[in-house]
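Protein chains get the first letters and strands the later ones, always in sequence-line order, with residue 1 at the start of each. The basis for the numbers below is simple: all heavy atoms, side chains too, and nothing from hydrogens, waters or symmetry mates.
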Amino acid sequence: MIPLCRAPRGTVDVLPEEQPYWGHVYHTATRLAKLYGYSRIDTPMFEEASLFVRGVGQATDIVQKEMYVFQDRGGEMMALRPEGTANVCRAYIQHGMHNLPQPVRLYYWGPAFRYDRPQAGRQRQFTHFGCEAIGEDDPALDAEIIELAWRLYQELGITDLSLQLNSIGDPNCRPRYLAALKAYYEDKLGRVCPDCRARFQTNPLRLLDCKVEGCQPIIAAAPPFTDCLCQECAKHFQELRSYLEALAIPYTLNPRLVRGLDYYTRTVFEIQPPEQAAQNTIGAGGRYDGLIEELGSRPTPAIGFATGVERVIANLKRAGVPMPAPARPAVFVAYQTAAARSAAVRLASELRRAGIAAVMAVGGRSLKAQMRQADATGVLYAAILGEEELATGTVMLRRMEDGQQERVALQDACQRLKANA
RNA sequence: GUGGGCGUAGCGUAGCGGUUAACGCGCCAGGUUGUGGCCCUGGAGAUCGAGGGUUCAAAUCCCUCCGUCCACCCCA
């Protein structure tokens with residue numbers, strides 16, 4: 001029996017006191033995206049399930065055990081999007097964006113869904129901000145995306161992150177590498193963990209990021225992908241590195257960095273906070289030169305990046321980045337007697353019309369109780385309407401900070417408050 | 001899917017076999033003659049996660065389920 005009044009497992013309510021973090025991340029992210037020439041795109045939160053099966057990869061955990069799939073009333077198999085890249089690529093194809101000047105630079109912000117067991121840094125509904133640059137394989141574009149990501153965190157105020165970088169080749173050189181990796185592991189299977197024995201069969205690349213202690217020495221001595229890259233991929237990677245160095249973006253070469261989605265080629269990167277927490281990658285991305293073709297269009301190179309907003313916010317808190325105080329209304333309109341209520345309603349309305357945020361006392365409480373509310377609301381001024389004010393067409397303006405108050409003519413109230421608030 | 005910790009008022013906690021379950025914060029109302037923050041007084045609010053069992057007696061012990069947190073898997 002699931003309690004009725006409880007958010008579904010793995011989902012959260014973002015309460016008013018959390019909103020400053022969300023506003024900060026949202027405004028920083030969208031401002032930066034525009035600064036780099038990216039345009040906003042919004043895609044549906046659900047799509048034909050097969051889009052993700054093809055796009056993300058049949059063999060991935062995301063598709064095999066984490067996708068929210070459902071049959072709609074027309075019998076179509078749909079899925080809540082587990083990430084944003086497949087949607088954006090679908091939109092690129094559907095709207096013939098290959099006719100636009102390439103690359104097409106797009107950014108998005110919105111929820112994604114994965115049916116996981118929740119834990120620290122992992123929810124079933126989470127928020128992705130992402131950028132995609134489609135239609136160009138120039139490593140300068142890789143550098144642009146990485147710089148955008150890096151700068152995002154810097155401007156947000158998280159400065160102790162590390163950038164992990166690797167290249168996982170393309171369809172030319174990856175089979176060669178996988179063969180080398182498997183050959184290396186062949187005679188060591190007896191010494192690795194059971195998970196790794198399974199990975200050897202299903203997803204050999206994942207062997208490289210096993211966390212089991214006993215597997216670490218074997219991973220450390222495994223051949224790095226960068227030794228097996230074909231000439232084109234090696235050149236691409238080398239150029240990217242030279243750009244990152246020119247941009248003074250510090251990165252760590254991590255030959256063990258692999259990604260869980262099938263579509264990645266060549267460049268892959270992750271951005272992580274210093275602690276070795278479990279779910280610690282706050283942003284990641286890479287090149288996916290084969291995805292558009294896999295979805296049925298012409299071969300089109302592309303690179304993208306996405307960050308988990310909830311994880312970003314967790315890190316803002318961890319790093320103690322101060323947030324601006326949430327906006328509070330400027331004025332609380334209180335009244336003494338029932339006779340003054342109508343005047344109070346009108347005053348509150350006029351204040352708002354003048355652009356002054358105002359809340360009015362409701363519920364017919366005592367003036368004392370109204371003042372308590374005014375205080376709790378955190379307003380700058382209380383506007384009090386009593387019998388005297390009513391009789392003289394005035395209002396008492398009380399500055400909450402120090403209790404100073406003055407009586408002004410009703411018609412001057414807006415101007416007076418505007419000057420002081 | 002697997003493993004571990006935890007579930008007592010809105011929040012944070014105490015109580016850990018025995019009369020009407022306690023405290024802090026918060027909330028509401030008062031502290032006379034039109035007004036907040038401090039202080040004082042009073043009040044509302046908990047079927048002690050749910051169901052079953054042990055016992056004369058269970059919030060307290062046992063089992064099951066649910067929820068939650070953390071970890072694995074995997075990922076943002």
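Straight-line distance from the CD atom of A:Q373 to the P atom of B:rC28: 6 Å, rounded to whole Å. Computed from coordinates, the A:E83 CD to B:rC74 P distance equals 18 Å when rounded to whole Å. The CE-C1' distance, from A:M371 to B:rG30, rounds to 18 Å in whole Å. To the nearest angstrom, P of B:rC73 lies 11 Å from CG of A:D61. Atom P of nucleotide B:rA76 and atom CG of A:L152 are separated by 16 Å, given to the nearest angstrom. In this structure, A:R124 atom CZ and B:rU68 atom C1' are separated by 12 Å, rounded to whole Å. As a whole-Å value, the separation of A:R398 CZ from B:rG37 P is 10 Å. The distance from atom CZ of A:R81 to atom C1' of B:rA76 is 13 Å, rounded to the nearest whole Å.
Using a 4.0 Å cut-off between charged nitrogen and carboxylate oxygen, A:E155 and A:R31 count as a salt-bridge pair.
Across all strands shown, A:I384 has heavy atoms under 4.0 Å from base atoms, whether or not it also approaches the sugar-phosphate. Within the 4.0 angstrom heavy-atom criterion, base atoms lie near A:R407. Among the atoms of the strands shown, only primed sugar atoms or phosphate atoms (P, OP1, OP2) are found under 4.0 Å from some heavy atom of A:A369. Within the nucleic acid shown, A:Q125 has no heavy atom closer than 4.0 Å to any nucleic acid atom.
Note on ring orientation: taking the six-membered ring where Trp is involved, the planes of A:Y26 and A:W109 are perpendicular (angle over 60°, cut-offs 30° and 60°). Ring-plane geometry between A:Y153 and A:F305 is classed as perpendicular, the angle between the planes exceeding 60 degrees on a 0 to 90 degree scale with a lower cut at 30.
A distance of about 40 Å separates the P atoms of B:rG30 and B:rC69, rounded to the whole Å. Here, B:rU13 and B:rG49 have their P atoms 15 Å apart, quoted to the whole Å. As rounded to the nearest Å, B:rU41 and B:rC25 have P atoms that lie 11 Å from one another. Separating the P atom of B:rU19 from that of B:rU35 is a span of 47 Å, rounded to the nearest Å. Taking atom C1' on both nucleotides, B:rC66 is separated from B:rC23 by 29 Å, rounded to a whole Å. Nucleotides B:rA58 and B:rG17 are separated by 6 Å at their C1' atoms, to the nearest Å.
Cation-pi contact between A:R124 and A:Y115: present, with separation from the ring centre below 6.0 Å and deviation from the ring axis of at most 45°. Judged by the 6.0 Å distance and 45° axis criteria, A:K182 is positioned over the aromatic ring of A:F200.
When distances run from any side-chain atom of A:D116 to the nucleotides B:rC28, B:rC74, B:rU35, the shortest one goes to B:rC74. Nearest nucleotide to the A:M396 side chain, out of B:rC74, B:rU35, B:rG36: B:rU35.
Between the base of B:rG37 and the side chain of A:E401 there is no donor-acceptor pair shorter than 3.5 Å. The base of B:rG67 has none of its N or O atoms less than 3.5 Å from a complementary donor or acceptor on the side chain of A:R6. Counting distance only, with no hydrogens placed and no angle test, the side-chain atoms of A:Q370 and the base atoms of B:rU35 include no donor-acceptor pair under 3.5 Å. With hydrogens and angles ignored, no donor-acceptor pair under 3.5 angstrom links the side chain of A:R117 to the base of B:rG4. At a cut-off of 3.5 angstrom, counting only N and O atoms as typed in the model, there is a donor on one side and an acceptor on the other between the side-chain of A:D375 and the base of B:rG36. In terms of polar N and O atoms assigned as donor or acceptor, the side chain of A:R122 comes within less than 3.5 Å of the base of B:rC73 in a complementary pairing.
Within 6.0 Å of CD in A:Q415 there are 12 or fewer heavy atoms belonging to other residues, nucleotides or ligands.
OP1 or OP2 of B:rG36 sits under 4.0 Å from a side-chain N or O of A:K368. Between B:rC69 and A:Q119, no contact under 4.0 Å exists linking OP1 or OP2 to a side-chain N or O.
Summarising the geometry, atom CE belonging to A:M371 is positioned 11.0 Å from atom OG belonging to A:S366; distances are rounded to the nearest 0.5 Å.
Residues A:V321 and A:Y21 form no side-chain contact, since every pair of their non-hydrogen atoms from C-beta on lies 4.5 Å or further apart.
With the 3.5 Å cutoff on both pairing distances, Watson-Crick and G-U pairs in RNA chain B assemble into runs of at least 3 at B:1-7 with B:66-72, B:10-13 with B:22-25, B:27-31 with B:39-43, B:49-53 with B:61-65.
Residue A:Q336 is the one, among A:V12 and A:Q336, whose nearest nucleotide of RNA chain B lies closer to the 5' end (criterion: closest heavy atom). A residue-by-residue look at A:A376 and A:E66 shows that A:A376 has its nearest nucleotide of RNA chain B further toward the 5' end.
The main-chain N or O of A:R81 is never found under 3.5 Å from a side-chain atom of A:E47 such that the two would form a donor-acceptor pair.
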